[in-house]
Amino acid sequence: MTSRQLIQQPARHQWSHARAVAVSSAFGTFGELLQGALPDDGPDFLVTLPIARWATATFEYESTRDGVEVVPATKTKARRVAEAVLARFSTGGGSLRLNGSLPEGKGLASSSADLVATARAVASAVGVELPPHAIEDLLRQIEPTDGVMYPGVVAFEHRNVALLDRLGVVPPMTIVGIDEGGTVDTVAFNRIPKNFSVAERDEYSRLLDEVRTAVRAGDAAAIGRVATRSAHLNQRLCRKRTLNAMTALSAEVGGVGVVTGHSGSTIGLMLPHDVPDFRSRLAEAINRCGQLVHREQVLCYQTLGFELTGSGTSDDLQ
């Protein structure tokens, strides 16, 4: 029986231990390299930018316990995911604790990472391994979700919770990010009609082709051009007041462009690690960003690499 068939079956898995503890994590993203919609009324999609920050879920399973307690108690969607995993694969309940380094409502995929980490932790505690597509099936019933269940950069239908394409990994970069303040409810944002024009959909399709080629070639400059264009296209939907200043600053310090939380309050410039005088350029970028907002609103993020084997292409990320 395949894992996809398994998740569609009634709960039959019997875990032999009365108690078990499992810890799992999921990475976040710094906004999106690209977010839009495809032609001919095609799906909304986004392209992830994994960063080295995580949500962590710890699940203490008890076979004789009813229900799931979650800390913080506000993480009700994570509780629903935990209950869904238990309903499919086991009996009993347990205690779920979530923590991590991803702020909420900023466009860093904190909610998606919470849910993916939860699904993995609960499944591990009851002796089940969930592949990414099985996690998709679970989360599709909960909310629109980023593609953080897949390693590397992916194109993802976030409203349908379905993989569109695996792209690979980005070259090592530091993102000097600023938080413009406030929070954005991603679920509410996704309910807003975007009313993309035919021309916009055609451009998003072209940009998806460009970023697919750029990521697979490790072309940081081309990745940055796509991300910058997507950030500017998104201004009518989720405006960033510092976008023009950040775009100019990126060029001045040797960055390859800007990336934004298309449904969040973050914006950052991307500085590749192989740029000459990287450290001095990074220091200048941090200082200059601190002139646009309060210094405490400036944070640095590292793009997240993944171990590749074989050809080193996106096929290795399956």
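- Atom CD1 of I223 is separated from atom CD of E210 by 12.0 Å, given to the nearest 0.5 angstrom.
- Note: the hydrophobic cluster containing V85 also contains M149 (ILVMFWY, side chain heavy atoms under 4.5 Å, direct or indirect links).
- You'll find the side chain of V47 reaches within 4.5 Å of the side chain of L208, heavy atoms only.
- Under 4.0 Å is where a charged nitrogen must lie from a carboxylate oxygen, and between K106 and D179 at least one such pair does.
- No donor-acceptor distance shorter than 3.5 angstrom exists from the side chain of R97 to the backbone of V71, with no hydrogens or angles considered.
- Under the 3.5 Å distance criterion, the side-chain polar atoms of R140 are left unmatched by any main-chain donor or acceptor of T145.
- Linking Ile, Leu, Val, Met, Phe, Trp and Tyr whenever their side-chain heavy atoms come within less than 4.5 Å leaves L243 and L108 in two separate clusters.
- Remark: the E180 side chain and the S265 side chain contain no N/O donor-acceptor pair separated by less than 3.5 Å.
- A 4.5 Å side-chain heavy-atom check between V161 and P144 finds every atom pair outside the cut-off.
- Using a 4.5 Å cut-off between side-chain heavy atoms of Ile, Leu, Val, Met, Phe, Trp and Tyr, with links allowed through other members, V259 and V298 fall into different hydrophobic clusters.
- Between R88 and D137 there is no salt bridge, since no side-chain N of the basic residue sits under 4.0 Å from a carboxylate O of the acidic one.
- For the pair V70 and T76, the minimum side-chain heavy-atom distance is 4.5 Å or more.
- Although no hydrogens or angles enter the test, the distance criterion places a donor-acceptor pair under 3.5 Å between the side chain of Q297 and the main chain of H294.
- Residues L130 and F89 come closest through the heavy atom pair CD2-CE1, 3.7 Å.
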Taking it one step at a time, do L164 and F156 satisfy side-chain contact (heavy atoms from CB on, under 4.5 Å)?
CA-CA 5 Å; L164 186 60; F156 197 77; 5.8 Å; no
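- For the pair K240 (side chain) and G264 (backbone), a donor-acceptor distance under 3.5 Å is present.
- Counting only heavy atoms from C-beta outward, the side chains of V126 and L86 approach each other to under 4.5 Å.
- Residue Q302 forms a side-chain contact (heavy atoms from CB on, under 4.5 Å) with just one option from I51, I175, T174, and that option is T174.
- In this structure, the separation between OG1 on T266 and CG on L299 is 10.5 Å, given to the nearest 0.5 Å.
- The closest side-chain heavy-atom distance from V116 to L139 is below 4.5 Å.
- Listed here is the closest heavy atom pair of L138 and A119: CD1-CB, 4.4 Å.
- Using modelled atom types, no side-chain atom of D146 and backbone atom of V148 make a donor-acceptor pair closer than 3.5 Å.
- One N or O on the side chain of E32 and one on the backbone of H262 form a donor-acceptor pair closer than 3.5 Å.
- Without hydrogens or angle criteria, S280 side chain to D277 main chain gives a donor-acceptor distance under 3.5 Å.
- Of all heavy-atom pairs between A57 and L98, the closest is CB-CD2, 3.6 Å.
- Using a 4.5 Å heavy-atom threshold, the side chains of V176 and L282 count as touching.
- Sequence neighbours left out, not one pair with a member in residues 261-270 passes salt bridge (charged side-chain N to carboxylate O under 4.0 Å, His left out).
- Heavy atoms only, all atoms of each residue included: L33 and S230 are closest at O-CB, 3.7 Å.
- Contact detail for G152 and T48: the closest heavy-atom pair is O-OG1, 3.7 Å.
- Counting heavy atoms from C-beta outward, L38 and D44 have side chains that stay 4.5 Å or more apart.
- Under the 4.0 Å criterion applied to side-chain N and carboxylate O atoms, R206 and D209 are not assigned as salt-bridge partners.
- One distance of note links CZ of F59 with OG1 of T118; it measures 9.5 Å at 0.5 Å rounding.
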Between E252 and R288, does the salt bridge (charged side-chain N to carboxylate O under 4.0 Å, His left out) criterion hold? Intermediate values first, please.
CA-CA 10 Å; E252 291 170 17; R288 296 277 297 278; 2.5 Å; yes
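- Atom CE of M173 is separated from atom CG of L304 by 12.0 Å, given to the nearest 0.5 angstrom.
- Residues F278 and L271 are in side-chain contact: their nearest non-hydrogen atoms beyond the backbone lie under 4.5 Å apart.
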Test log, rule side-chain contact (heavy atoms from CB on, under 4.5 Å), inputs R201 and V198
CA-CA 5 Å; R201 288 175 178 271; V198 171; 5.9 Å; no
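- If you check the side chains of S90 and Y61, you find a donor sitting under 3.5 Å from an acceptor.
- Residues V256 and V253 do not share a hydrophobic cluster, defined by chaining ILVMFWY side chains whose heavy atoms lie under 4.5 Å apart.
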Evaluate the side-chain contact (heavy atoms from CB on, under 4.5 Å) criterion for residues T303 and V169: first the C-alpha distance (whole Å), next the side-chain angles of each, then the deciding distance (0.1 Å), finally the verdict.
CA-CA 9 Å; T303 56; V169 296; over 6 Å; no
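- Rounded to the nearest 0.5 angstrom, D114 CG and S25 OG are separated by 11.5 Å.
- The cluster map of Ile, Leu, Val, Met, Phe, Trp and Tyr, joined by side-chain heavy atoms under 4.5 Å apart, puts L233 and M246 in different clusters.
- Judged purely by distance below 3.5 Å, without hydrogens or angles, the side chains of H158 and E143 never pair a donor atom with an acceptor atom.
- Judged purely by atom type and a 3.5 angstrom limit, T29 uses its side chain to pair as donor or acceptor with the backbone of G31.
- Applying the salt bridge (charged side-chain N to carboxylate O under 4.0 Å, His left out) test to every pair with at least one member in residues 46-63, sequence neighbours left out, gives these pairs: R19-E62, E62-R65.
- Of the possible polar contacts, one joining the T228 side chain to the V258 backbone as a donor-acceptor pair under 3.5 Å is found.
- Between L249 and A285 the shortest heavy-atom distance is CD2-O, 4.3 Å.
- Side-chain atoms of E129 do not come within 3.5 Å of backbone N or O of S124 as any donor-acceptor pair.
- Separation of atoms CD1 (I178) and CD1 (I286) is listed at 13.0 Å; rounding is to 0.5 Å.
- Look at E83 and R80 and you find no salt bridge, because none of the NZ, NE, NH1 or NH2 atoms lies under 4.0 Å from a carboxylate O.
- Relative ring orientation between F196 and Y204 is described as perpendicular, the plane-to-plane angle rising above 60° on a 0-90° scale split at 30° and 60°.
- In R236, the CZ atom is crowded: over 12 heavy atoms of neighbouring residues, nucleotides or ligands sit closer than 6.0 Å.
- Checked against ring-ring contact (aromatic ring centres under 6.0 Å, His included), H232 has no partners two or more places apart in sequence or in another chain.
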Mind running side-chain contact (heavy atoms from CB on, under 4.5 Å) on V170 and L49 for me, showing each step along the way?
CA-CA 8 Å; V170 297; L49 178 56; 4.0 Å; yes
